[in-house]
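All remarks here apply to the structure that follows.
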Amino acid sequence: MVSYMDFTSPSVQFTYDLKNNNFFTKDSHNLINALGVQQLNTLGNTSLLDIYLSKSNVIEPHTHQNASELVYCISGAAVVSLINPFTKKLINLPITPGQVANVPQGWWHYEIASEDNTHLLAIFDAPTPEVILGSDLLRLTPANVFAHTYCLNEAMVKETLAPITDSVVIGPPNNCVNGKPSGINANIGHGMVPGYYNQPTARQDRQASYNNQTYGQTYGQQYDAGAGQWNGQQYPYNEAYTTPAQTQTQTQTQTQTQTQTQTQSQQPRYYSIWER
């Protein structure tokens, strides 16, 4: 694109204070100011975002369909992550002051601050970078489409995505407490729906490694998030990810009745949508 500018005009601009054009503010430590040709008419085919982040804050996953992005670290530290659409691999690029990371046009990417007082400059090769935000894709796509397309439980998809009511831009949102929007009962396993997977599916037989950590399992009971227990009971999950019912069945003596064995083996399995 060729930009024509009458440099003899009295309205010609050569300088601009980015604080006068705030793009997004989460709070006083997490905000984005923007600069484009609308703010600085001599800028031409370039634009930038001036980004301030505190530790663990994220410029949410997104794409710029019309521009490449060069991320320069001024202070602090961040990790720029992008998915290579050709290799189908996630690339994590840590940057510190004086270092840059380049995001090709149209690639899915996000930035996470590794330190407080992180200051990044994102430079684009377009006068106005277009953007598609992950939060918009998640909140605007009907839950039944996700459920049908990816063989998910629709009720769980709705419950999980319900808190995303607007574009996030810088996450997590201010109302997020311990990974959940404030107001959600912390004693209920988030993303769990009693009755999920009561019917046989291929995923019920899934084998997975959980590094021998302890996970709870419920049969329509409450989850104590602090203790990691279902009604006071803990179940260790090993590499084979066997349910308590399976483990008990395997260790039963032959003196146990067939009725007891069948009752235990029919108990349902539950997964969090994030584990799927």
Side-chain angles (χ1 to χ4, degrees), residues 1-3 5 7 9 11-83 90-138 164 166-176:
M1 177 185 295
V2 178
S3 177
M5 177 67 199
F7 289 97
S9 169
S11 63
V12 68
Q13 297 170 283
F14 297 102
T15 184
Y16 186 82
D17 189 340
L18 270 71
K19 293 192 292 293
N20 293 330
N21 188 44
N22 178 253
F23 172 73
F24 180 86
T25 294
K26 172 182 173 180
D27 53 45
S28 60
H29 300 288
N30 296 277
L31 56 95
I32 304 172
N33 297 323
L35 179 71
V37 70
Q38 297 86 353
Q39 291 76 44
L40 188 62
N41 57 19
T42 58
L43 192 59
N45 197 35
T46 307
S47 55
L48 63 84
L49 295 177
D50 195 26
I51 303 168
Y52 297 85
L53 298 172
S54 54
K55 185 176 181 179
S56 299
N57 276 259
V58 185
I59 301 298
E60 69 161 306
H62 62 282
T63 63
H64 302 290
Q65 59 270 42
N66 71 328
S68 298
E69 177 180 352
L70 183 67
V71 184
Y72 175 74
C73 182
I74 298 172
S75 63
V79 177
V80 179
S81 299
L82 53 150
I83 294 178
L90 174 66
I91 303 171
N92 298 309
L93 306 170
I95 55 174
T96 55
Q99 297 180 331
V100 300
N102 190 50
V103 181
Q105 179 177 335
W107 285 28
W108 187 251
H109 65 286
Y110 50 94
E111 295 90 13
I112 304 178
S114 309
E115 299 178 5
D116 285 334
N117 301 311
T118 291
H119 186 187
L120 306 174
L121 199 63
I123 305 166
F124 303 91
D125 57 355
T128 304
E130 299 170 356
V131 64
I132 299 175
L133 299 173
S135 56
D136 290 339
L137 295 179
L138 292 173
I164 309 176
D166 203 350
S167 303
V168 172
V169 186
I170 300 178
N174 283 325
N175 67 340
C176 182

Shortest non-hydrogen contact from [X] to [Y]?
X    : Y    : result
W108 : T63  : CE3-CG2, 3.2 Å
A126 : S47  : O-OG, 2.6 Å
Y72  : V100 : CD1-CG1, 3.4 Å
A34  : L18  : O-CG, 4.3 Å

Original post:
Does a sphere of radius 6.0 Å around CG in N174 hold more than 12 heavy atoms from other residues, nucleotides or ligands, not counting ones at 6.0 Å or beyond?
Top reply: yes

Original post:
If you count the non-hydrogen atoms of other residues, nucleotides and ligands that lie under 6.0 Å from CZ in F24, is the total more than 12?
Top reply: yes

Please list, chain by chain and in numerical order, all residues satisfying side-chain contact (heavy atoms from CB on, under 4.5 Å) with [X], sequence neighbours excluded.
X    : value
P104 : L82, W107
V79  : S81, N92, P94, S114
I112 : V58, Y110

Subject >> With D136 via salt bridge (charged side-chain N to carboxylate O under 4.0 Å, His left out) - residues at least two apart >> reply: R139

Original post:
To the nearest 0.5 Å, what is the distance between NE2 (H62) and OG (S135)?
Top reply: 11.0 Å

Subject >> Spatial distance of atom CG (D116) from atom OG1 (T118) [nearest 0.5 Å] >> reply: 7.5 Å

Check: [X]/[Y] side-chain N/O donor and acceptor closer than 3.5 Å:
X    : Y   : answer
N33  : K19 : no
N30  : S54 : yes
H109 : E69 : yes
T96  : Q99 : yes

Original post:
Would I95 and V80 count as a side chain to side chain contact (heavy atoms under 4.5 Å, CB included) if you check the C-alpha gap in whole Å, the side-chain angles of each, and the deciding distance to 0.1 Å?
Top reply: CA-CA 7 Å; I95 55 174; V80 179; 3.9 Å; yes

Subject >> side chain to side chain contact (heavy atoms under 4.5 Å, CB included) partner of H29, chosen from T25, D27, L31 >> reply: D27

Original post:
Can you name the residues that form a side-chain hydrogen bond (donor to acceptor under 3.5 Å, both in side chains) with D166, not counting sequence neighbours?
Top reply: none

Original post:
With H119, which residues qualify under ring-ring contact (aromatic ring centres under 6.0 Å, His included), at least two apart?
Top reply: Y52

